[in-house]
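This structure is a prediction, so every number in the text was calculated from the model and none was measured.
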Amino acid sequence: MKKKMIILLSAMVICLIGIIVWYNVSLNLTDLVPDEVMEIVVFNGNSGETTHITDEQQIQHIIQNLNDVTVKKWKPSVGYTGYSFKITIYLSDGNEADGWNNFIINSADTIRKDPFFYSVVTGKIDYNYIKSIVK
């Protein structure tokens with residue numbers, strides 16, 4: 001009986017350590033080649049307007065900026081509504097980019113990709129640049 005209890009406690013400790021590591025690991029926001037991006041669609045949650053960014057220089061700037069950002073889980077986003085900008089990235093083949101797509105930028109240092117909010121660890125989202133482009 002004592003041996004079973006030790007095994008159970010060991011398994012629980014290993015699971016707890018795994019969850020802590022998973023929660024605290026840093027992630028690259030995007031890893032895209034700007035030349036492969038055809039369009040960035042930004043829905044402005046403040047105005048309800050959608051902006052389609054197709055200008056190559058603007059795409060280059062936004063994608064390079066997002067590629068330089070590293071994020072970490074901050075807190076659960078369940079139950080939160082409202083946001084500044086929802087970003088959807090389309091590649092040259094017309095498909096949505098895999099991975100970090102359809103995420104929400106709340107500020108220069110906070111994004112939301114349900115079910116979590118993420119805080120920026122490295123770099124800074126050029127929030128003002130995006131804000132200057134969208135309607």
Side-chain angles (χ1 to χ4, degrees):
M1 185 64 136
K2 189 175 182 181
K3 187 176 181 179
K4 287 183 181 181
M5 187 62 104
I6 291 172
I7 291 171
L8 180 62
L9 286 174
S10 298
M12 289 175 56
V13 167
I14 290 170
C15 286
L16 183 61
I17 290 171
I19 290 170
I20 290 170
V21 168
W22 171 79
Y23 189 81
N24 287 307
V25 69
S26 295
L27 306 164
N28 291 331
L29 184 53
T30 60
D31 186 22
L32 297 170
V33 177
D35 293 337
E36 293 179 3
V37 175
M38 175 180 67
E39 178 181 37
I40 300 173
V41 178
V42 181
F43 178 79
N44 186 336
N46 299 308
S47 69
E49 298 287 327
T50 301
T51 302
H52 296 264
I53 301 170
T54 56
D55 179 81
E56 290 181 20
Q57 290 179 330
Q58 291 175 337
I59 289 173
Q60 182 96 11
H61 179 86
I62 293 169
I63 296 300
Q64 283 180 340
N65 174 247
L66 296 177
N67 283 345
D68 292 339
V69 172
T70 304
V71 296
K72 181 174 113 171
K73 288 178 189 74
W74 176 37
K75 67 180 183 178
S77 64
V78 178
Y80 286 89
T81 59
Y83 53 84
S84 290
F85 306 122
K86 180 179 180 193
I87 307 293
T88 307
I89 301 169
Y90 292 94
L91 301 177
S92 300
D93 62 6
N95 293 318
E96 289 186 14
D98 291 333
W100 278 90
N101 204 5
N102 292 315
F103 62 91
I104 294 166
I105 298 175
N106 284 332
S107 68
D109 58 2
T110 305
I111 67 162
R112 186 171 99 201
K113 174 93 169 147
D114 288 332
F116 291 104
F117 282 104
Y118 292 80
S119 60
V120 173
V121 178
T122 308
K124 195 162 200 101
I125 297 169
D126 199 346
Y127 181 84
N128 289 326
Y129 183 80
I130 295 170
K131 187 177 178 180
S132 72
I133 296 173
V134 300
K135 298 173 184 172

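- Heavy-atom contacts from other residues, nucleotides or ligands closer than 6.0 Å to NZ of Lys75 number more than 12.
- Neither Val41 nor Ile59 shares a network with the other; the hydrophobic side chains, linked directly or stepwise wherever heavy atoms of I, L, V, M, F, W or Y lie under 4.5 Å apart, form separate groups for each.
- Here the CG-OH distance, from Asn106 to Tyr83, works out to 10.0 Å after rounding to the nearest 0.5 Å.
- Counting only heavy atoms from C-beta outward, the side chains of Leu8 and Met12 approach each other to under 4.5 Å.
- When side chains are defined from C-beta on, Thr54 does not count as touching Met38, because their heavy atoms never get closer than 4.5 Å.
- A search for side-chain hydrogen bond (donor to acceptor under 3.5 Å, both in side chains) contacts involving Asp109 returns Ser107, not counting sequence neighbours.
- Placement of Leu27 and Leu66 within a single hydrophobic cluster is found when ILVMFWY residues are connected by side-chain heavy-atom separations under 4.5 Å, directly or transitively.
- Lys113 forms no cation-pi arrangement with Phe103, by the criterion of a distance under 6.0 Å to the ring centre and an angle within 45° of the ring axis.
- With contacts defined as side-chain heavy-atom distances shorter than 4.5 Å, the pair Asn28/Asn67 does not qualify.
- The CD1 atom of Ile53 sits 11.0 Å away from the OG1 atom of Thr88 when rounded to the nearest 0.5 Å.
- In this structure a side-chain-to-backbone donor-acceptor pair under 3.5 Å is present from Ser47 to Glu49.
- Within 6.0 Å of atom CD in Glu56, 12 or fewer heavy atoms from other residues, nucleotides or ligands are found, so the atom counts as exposed in its surroundings.
- Two residues are said to be in side-chain contact when any heavy atoms from C-beta on lie closer than 4.5 Å; Val120 and Thr70 fail this criterion.
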- Item | From CA spacing to verdict: side-chain contact (heavy atoms from CB on, under 4.5 Å), Phe85, Asn44 | CA-CA 5 Å; Phe85 306 122; Asn44 186 336; 3.8 Å; yes
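- With rounding to the nearest 0.5 Å, the separation of CD in Gln60 from CD in Gln57 is 8.5 Å.
- Taken to the nearest 0.5 Å, the CD1 atom of Ile104 stands 6.0 Å off from the CG atom of Asp114.
- Listed here is the closest heavy atom pair of Val134 and Thr51: CA-OG1, 3.5 Å.
- The side-chain contact (heavy atoms from CB on, under 4.5 Å) test with Asn65 singles out one residue from Ile125, Leu29, Thr30, and that residue is Ile125.
- Annotation: side chain of Ile62 is in contact with side chain of Ile133 (closest heavy-atom distance under 4.5 Å).
- How far CD1 of Ile40 is from CD1 of Ile63: 4.0 Å, rounded to the nearest 0.5 Å.
- Residue pairs meeting the side-chain hydrogen bond (donor to acceptor under 3.5 Å, both in side chains) criterion with at least one member in residues 121-131, sequence neighbours excluded, are His61-Asp126, Ser84-Tyr127.
- Atom CG of Asp93 is surrounded by more than 12 heavy atoms from other residues, nucleotides or ligands within 6.0 Å.
- Hydrophobic cluster membership is shared by Leu91 and Ile87, with clusters built from Ile, Leu, Val, Met, Phe, Trp and Tyr side chains linked at under 4.5 angstrom.
- Hydrophobic clustering places Tyr80 together with Trp74 (ILVMFWY residues linked when any side-chain heavy atoms are closer than 4.5 Å, directly or through intermediates).
- Taking each heavy atom of Asp35 and Ser92 in turn, the nearest pair found is O-OG, 3.8 Å.
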